[in-house]
Number of protein chains: 2
Amino acid sequence: MKKNEEALKYYDLNKYRTPDGYTSDIAVFTIVDDEEDQNKKVLKLMLIKRSEIDAEGNPNIEGGKWALPGGFVRNDETAFEAAKRELAEETGVDHIHLKHFGVYDKPGRDPRGWIIANAHYAIVNEYYLEHRQAADDADDVQLFTLDEVFNLDLAFDHRKIIEDSIKWIKKDMAETTLARTFLPREFTIPELQKVILAVFYHKQIESNNFYKKLHKFDFIEEVKGENNEVKETRRNSKRPAKMYRFVDKERFVSIYL
Amino acid sequence: MKKNEEALKYYDLNKYRTPDGYTSDIAVFTIVDDEEDQNKKVLKLMLIKRSEIDAEGNPNIEGGKWALPGGFVRNDETAFEAAKRELAEETGVDHIHLKHFGVYDKPGRDPRGWIIANAHYAIVNEYYLEHRQAADDADDVQLFTLDEVFNLDLAFDHRKIIEDSIKWIKKDMAETTLARTFLPREFTIPELQKVILAVFYHKQIESNNFYKKLHKFDFIEEVKGENNEVKETRRNSKRPAKMYRFVDKERFVSIYL
DNA sequence: CTAATAGTGTCTATAAGACACTATATA
DNA sequence: TATATAGTGTCTTATAGACACTATTAG
């Protein structure tokens, strides 16, 4: 565009004060087996403990506190791409479900200056997190239940970010097929139920009636095998359970119906 | 915090490249009477036409194109506060419904440099927009229907931002009591119906059955007058209509029920 | 009385929710 | 055969959707 090139000659980049930093933070969630009740699953959040000293051996900002993983955005990527990159660096996995849910830019939120944080939530399969924990110093990365998390000493404004991330994950869980990201590609109905109950642990679902609602769930379908028979698995039980998969389908929910 | 003060001594702000600008843009929506069918309402978006030359008389970036109103965020405010301030400056109204829905930070989206845009949608009463249009140059600010908007020459990546804003307003309209922001504080059922249909103009609501759903709508209640009688209005019809108001109530919608 | 908008009643099909029951496997 | 998990059947009550109908005003 010629006209813009001309206009740029007159544009002064320094006319406005600019931020001192642009970061991406990620609330990494996973669902693991409940230790108290083997029949249940429980939602957990991964946090890192900020080291007391930085790479150069100097005291670290918010050192010793628990924080969301994250880092600075480069000028050749979006905040979303930065989150993806950082997550891959942390956990060593690609193809993780990631969603941007908010911006935290209140002046004074970071003692280092005017720093804008983009918040995302991620859903990672338990396996990768276990792997990562083993590989690294066990004191630095840990999984917490939502009850435990708020008893920790949290860095910056991460308490607020974590609260919001939980609100969003619950909302998306109820309104979209987000549950798919917690499940294997082919799953059973009881597995789906457990995931839903892990997030809505205060709610009840009549286990038996869930099956009857199935025909209304146009967002899942039975998995067929080679001879067009429905695939089954015995991984959770003696009696084989039918396998289902999610179908790409736009959902519409309304309070007015 | 003593520890952080100590740590700050060692922190170098210039370690990372920082953005060249941080802005807030606002998609301003209103609902006005449909000119073709007086019985309907229609959703419109306000856009401004960027002037060809800037205040100093130099050619303006993306001059002549239609754009969302907005501007740079100051370092003593959040992007949300900036949006609120700019909207107040533009329309002269406070207490406008405003919601942040996205960040646009793709490298190259703005020819001026690495500029991060925060997108919001706003809902403004028709009256204020009419007023504003009259006060200003009529060629510079205009209301467009959603069909008209995409035939315009739009500045920056505002086409994408507008598309997203429409998705969000529809989603929030269906899932929350956002409709309240388009309505007077006390409204009639037919008024509510028209607002919903203005946003979901492709959907049908059986006008008569809407009344039967009322008792389920725990988010609205009848407005009572002094003697505990239900308030009525005759502003739309000869026969008086009962008045309702929104009640603050958390909504929960789920695809699993 | 007519016209215009507000609001009800009624019927049928489908869905929700409670809960008792059956099915398929392993050990 | 016991037992653990998967899945059905049945009954009652609530809701959706179609559509015919009634109500209240101004002029």
Side-chain angles (χ1 to χ4, degrees), chain A residues 33-34 37-41 174 183-184 186-197 200 202-223 225 229-245 251-257, chain B residues 33-34 37-41 174 183-184 186-197 200 202-223 225 229-245 251-257:
Chain A
D33 286 327
D34 190 341
D37 183 347
Q38 289 301 127
N39 233 335
K40 284 187 179 172
K41 294 203 168 257
L183 288 164
E186 301 182 350
F187 57 88
T188 68
I189 298 306
E191 284 169 348
L192 173 59
Q193 275 191 76
K194 278 178 203 159
V195 166
I196 294 168
L197 284 173
F200 300 106
H202 53 287
K203 297 242 174 204
Q204 274 295 118
I205 306 183
E206 255 304 321
S207 163
N208 295 342
N209 287 332
F210 202 74
Y211 285 93
K212 256 182 298 185
K213 287 173 192 158
L214 277 184
H215 71 277
K216 266 200 0 192
F217 294 176
D218 52 355
F219 50 85
I220 63 174
E221 65 180 12
E222 290 175 336
V223 182
E229 85 290 5
V230 180
K231 265 178 125 184
E232 298 186 329
T233 181
R234 228 152 302 178
R235 62 187 173 217
N236 304 307
S237 60
K238 293 161 186 171
R239 171 166 178 181
K242 286 189 186 138
M243 307 258 273
Y244 290 80
R245 73 158 78 92
R251 301 294 312 158
F252 178 82
V253 278
S254 167
I255 58 173
Y256 304 103
L257 283 219
Chain B
D33 286 327
D34 190 341
D37 183 347
Q38 290 302 126
N39 233 336
K40 285 186 178 173
K41 295 206 167 255
L183 288 164
E186 301 181 350
F187 56 89
T188 68
I189 298 306
E191 283 169 349
L192 173 60
Q193 275 191 76
K194 278 178 204 162
V195 165
I196 294 168
L197 285 173
F200 299 107
H202 54 286
K203 298 240 173 205
Q204 275 296 117
I205 306 183
E206 254 305 321
S207 163
N208 295 342
N209 287 331
F210 202 74
Y211 285 92
K212 257 179 300 182
K213 288 172 191 157
L214 277 185
H215 71 277
K216 267 199 359 188
F217 295 176
D218 52 354
F219 50 86
I220 63 175
E221 65 178 14
E222 290 174 336
V223 182
E229 85 290 5
V230 180
K231 264 179 126 183
E232 297 186 329
T233 180
R234 228 152 302 178
R235 61 187 170 214
N236 304 306
S237 61
K238 293 160 185 171
R239 172 166 177 180
K242 286 191 185 134
M243 307 256 275
Y244 290 80
R245 72 157 78 93
R251 300 295 312 158
F252 178 82
V253 278
S254 166
I255 59 173
Y256 305 102
L257 282 219

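- Near DNA chain D, meaning a heavy atom under 4.0 Å from it, residues 230-239 of chain A has Asn236(A), Ser237(A), Lys238(A), Arg239(A) in order of number.
- Atoms OH (Tyr211(A)) and C1' (dT22(C)) sit 13 Å apart, rounded to a whole Å.
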Practice task
Check step by step if side-chain contact (heavy atoms from CB on, under 4.5 Å) holds for Lys41(B) and Asp33(B).
Solution key: CA-CA 4 Å; Lys41(B) 295 206 167 255; Asp33(B) 286 327; 3.1 Å; yes
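- Taken from CE in Met243(A) to NZ in Lys231(A), the straight-line distance is 5.0 Å, to the nearest 0.5 Å.
- The CZ-P distance, from Phe187(B) to dA6(C), rounds to 14 Å in whole Å.
- Toward the 5′ end of DNA chain C lies the nearest nucleotide of Pro190(B), the other residue of the pair Pro190(B) and Lys212(B) mapping further downstream.
- Residue-level contact check: Lys242(A) touches the backbone only, with heavy atoms under 4.0 Å from sugar-phosphate atoms and none from bases.
- Lys212(A) and His215(A) make their closest contact through O-ND1, 2.7 Å (heavy atoms, listed as atom of the first residue, atom of the second, distance).
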What donor-acceptor contacts under 3.5 angstrom involve side-chain atoms of residues 188-196 of chain B, with partners at least two apart or in another chain?
| unit_1 | atom_1 | unit_2 | atom_2 | d |
| --- | --- | --- | --- | --- |
| Thr188(B) | OG1 | Glu191(B) | N | 3.3 |
| Glu191(B) | OE1 | Thr188(B) | N | 2.9 |
| Glu191(B) | OE1 | Arg235(B) | NH2 | 2.9 |
| Glu191(B) | OE2 | Arg235(B) | NE | 2.8 |
| Glu191(B) | OE2 | Arg235(B) | NH2 | 3.3 |
| Glu191(B) | OE2 | Asn236(B) | ND2 | 2.8 |

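- Extent of DNA chain D lying under 4.0 Å from chain A heavy atoms, first and last nucleotide in 5' to 3' order, is dT3(D) to dA16(D).
- Along DNA chain C, the nucleotide nearest Asn208(A) and the nucleotide nearest Asn208(B) are compared for position; the residue whose nucleotide lies closer to the 5' end is Asn208(B).
- Shown here for Glu232(A) and Pro240(A), the closest heavy-atom pair between the two residues is OE1-CB, 3.4 Å.
- No hydrogens or angles were tested; on distance alone, a donor-acceptor pair under 3.5 Å links the side chain of Asn209(A) to the base of dA18(C).
- Ring-centre distance between Phe219(B) and Tyr256(A): below the 6.0 Å cut-off.
- Counting non-hydrogen atoms under 4.0 angstrom, Lys216(B) reaches the backbone sugars and phosphates but no base.
- Note that CD of Glu222(B) is 10.5 Å distant from CZ of Arg245(B), once rounded to the nearest 0.5 Å.
- Taking every heavy atom of both residues into account, Ile220(B) and Tyr244(B) meet most closely at CD1-CD2, 4.0 Å.
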